[in-house]
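Accompanying notes for the structure given below.
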There are 2 protein chains.
Amino acid sequence: MAIEKKIDCVILGLLSHEDLTGYEIKKRMDTFLKYFWGASYGSIYPALSDLVKRGLAGKRDGAENNRRKIIYSITEEGRSYLKEWLRIPVEKDELRYETLLKLFFGNEAGVLQAISHIDAFEEKIKSELPYLIGAADTLKNHIEMDDTHKYYLLTVEFGIKTYRAYLEWCKEAKAMLEKE
Amino acid sequence: MAIEKKIDCVILGLLSHEDLTGYEIKKRMDTFLKYFWGASYGSIYPALSDLVKRGLAGKRDGAENNRRKIIYSITEEGRSYLKEWLRIPVEKDELRYETLLKLFFGNEAGVLQAISHIDAFEEKIKSELPYLIGAADTLKNHIEMDDTHKYYLLTVEFGIKTYRAYLEWCKEAKAMLEKE
DNA sequence: TGACGAATGTATCAGTTTGATATATATTTA
DNA sequence: TAAATATATATCAAACTGATACATTCGTCA
């Protein structure tokens, strides 16, 4: 049972908590996983069909009124597959920060442009940080209710810690660039 | 002059500093850019051919002895293209941390596995941090020599700041998981 | 000296994923 | 009631990765 595509693992992970439609899976990713993972419809829907074909997920019709809806659930085989993936070591963690890339080549464009990219980055982080802090508070209040919350909180705390480090860096980086 | 592929911009950025072969471009990425960007040969070589075709880069034969070697350089058009990309706002910064993904679904696998993933992450960061600190020291000593060093230093400082935040988080996360 | 592994160098390809788009219906808002 | 937004599935070209193939040269240890 070799683990291949990450998209399969993420979907199974989400399905291990609750039954979901493809649309809902995308939604969960865009909220809960947003800060460290992402996936597009172009990978989600084909992966769902494939998971069903391989017996790792089941599908059922959940249509209401005229709205078609396919609800997916994890099978026992799917749960084993997920557990196996969770067991094996992490293959790759990666950062793809265009901001840092533009900064690296900053000499070509000059100090002012570099600062404006840092400003934009800082604004984005500042605007997202309160959401993370809010999520952490909510999770802390519900930590006894459900063990999964403990793990969500861990990832949110990661976000908060790194975001605060980013903000410190923004300040220092701008100070360094302005020092002339 | 719409900007399309990121790989073109990274290559032009590297070529804006010095003439390079495809192999050397890959090398530069794997050392200087490693902590916030990456690219494979499968994107580099086709992109180089394409850049030449579009007049953004020039190529010349640099063979020595029996070793074939194609040296690429940036053209004036290439430099304009790079400058335009550096000018426009950053489209996307993204984190893809498999460690956090596995942690998010940690409830399925249990505390011990979660801790072992954090341990592995911590080890990796601890082993890479001295390299970043060394690079920062070297850059600080040469900062007067070359203006580009100032921008390199910025990205290295980003790495150091975030790595230290990661290590703090590792400690706290493990403490939280062990508290039972 | 010679053998063997590591580094230099170019190149391609199957498979994975993104980003955009198409289509259709339901719900909310003005 | 019209328009905008949300729910829902689906596909596709284009981008990119990871692996691999191939050839040569350099370094080093015996």
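Every chain is numbered from 1, with letters handed out A, B, ... down the list of sequences.
- For B/Lys59 and C/dA11, the NZ to P distance is 6 Å, given to the nearest whole Å.
- B/Asp19 places its CG atom 14 Å from the P atom of C/dG9, with the value rounded to the nearest Å.
- In this structure, of C/dG9, D/dT17, D/dA8, it is D/dT17 that holds the atom nearest to the side chain of B/Ala39.
- In this structure, of D/dC16, C/dT8, C/dT12, it is D/dC16 that holds the atom nearest to the side chain of B/Lys6.
- Taking atom CE of residue B/Met29 and atom C1' of nucleotide C/dG9, one finds them 16 Å apart after rounding to whole Å.
- At a threshold of 4.0 angstrom between heavy atoms, the contacts of A/Ser40 include nucleobase atoms, whether or not backbone atoms are also involved.
- Listed nucleotides D/dT11, C/dA11, C/dG19 differ in distance to A/Tyr41; the shortest reach to its side chain belongs to D/dT11.
- The residue among B/Glu24 and A/Arg67 whose nearest nucleotide of DNA chain C lies closer to the 5′ end is B/Glu24.
- Side-chain nitrogen and oxygen atoms of B/Tyr23 include none within less than 4.0 Å of the OP1 or OP2 phosphate oxygen of C/dT10.
- Ranked by how close their nearest DNA chain D nucleotide is to the 5' end, B/Gly38 and A/Arg68 are led by A/Arg68.
- In this model, the phosphate group of C/dT16 is not approached by any side-chain N or O of A/Ser43 to a distance below 4.0 Å at OP1 or OP2.
- Counting any heavy atom pair closer than 4.0 Å across all strands shown, B/Gly42 reaches a base atom.
- One finds a salt bridge joining A/Glu84 and A/Arg87 here, because a Lys/Arg side-chain nitrogen approaches an Asp/Glu carboxylate oxygen to under 4.0 Å.
- Within the nucleic acid shown, A/Lys26 has no heavy atom closer than 4.0 Å to any nucleic acid atom.
- C/dA6 atom C1' lies 16 Å from atom CG of B/Asp30, rounded to whole Å.
- Heavy-atom nearest nucleotides on DNA chain C were determined for B/Ser49 and for B/Lys27, and the one closer to the 5' end corresponds to B/Lys27.
- Nucleotide D/dA8 holds its C1' atom 16 Å from the CZ atom of A/Arg60, rounded to whole Å.
- Following rounding to the nearest Å, A/Ile70 (CD1) and C/dA24 (P) show an atom-to-atom distance of 16 Å.
- Aromatic ring orientation, B/Phe36 versus A/Phe104: tilted (interplanar angle from 30° to 60°).
- Between B/Tyr45 and C/dA11 there is no side-chain polar atom (N or O) within less than 4.0 angstrom of OP1 or OP2.
- The nucleotide whose nearest atom lies closest to any side-chain atom of B/Lys5 is, among D/dT9, D/dA15, D/dG18, D/dA15.
- Between A/His17 and A/Phe32, the ring center distance fails the sub-6.0 Å criterion.
- Summarising the geometry, the separation between CD1 on A/Ile44 and P on D/dT7 is reported as 14 Å, rounded to the nearest angstrom.
- Aromatic ring orientation, B/Trp169 versus B/Phe121: perpendicular (interplanar angle above 60°, classes split at 30° and 60°).
- Atom NZ of A/Lys69 and atom P of C/dT27 are 11 Å apart (whole Å).
- Heavy atoms of A/Thr21 sit under 4.0 angstrom from primed sugar atoms or phosphate atoms, though from no base atom.
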Do B/Lys102 and A/Ile88 pass the side-chain contact (heavy atoms from CB on, under 4.5 Å) test, and can you show the C-alpha distance, the side-chain angles, and the key distance before you say yes or no?
-> CA-CA 10 Å; B/Lys102 292 202 181 190; A/Ile88 62 174; 3.7 Å; yes
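- An OP1 or OP2 oxygen of D/dC16 is reached within less than 4.0 angstrom by no side-chain nitrogen or oxygen of B/Arg96.
- Taking 4.0 Å as the cut-off between side-chain N and carboxylate O, A/Arg54 and A/Glu77 do not count as a salt-bridged pair.
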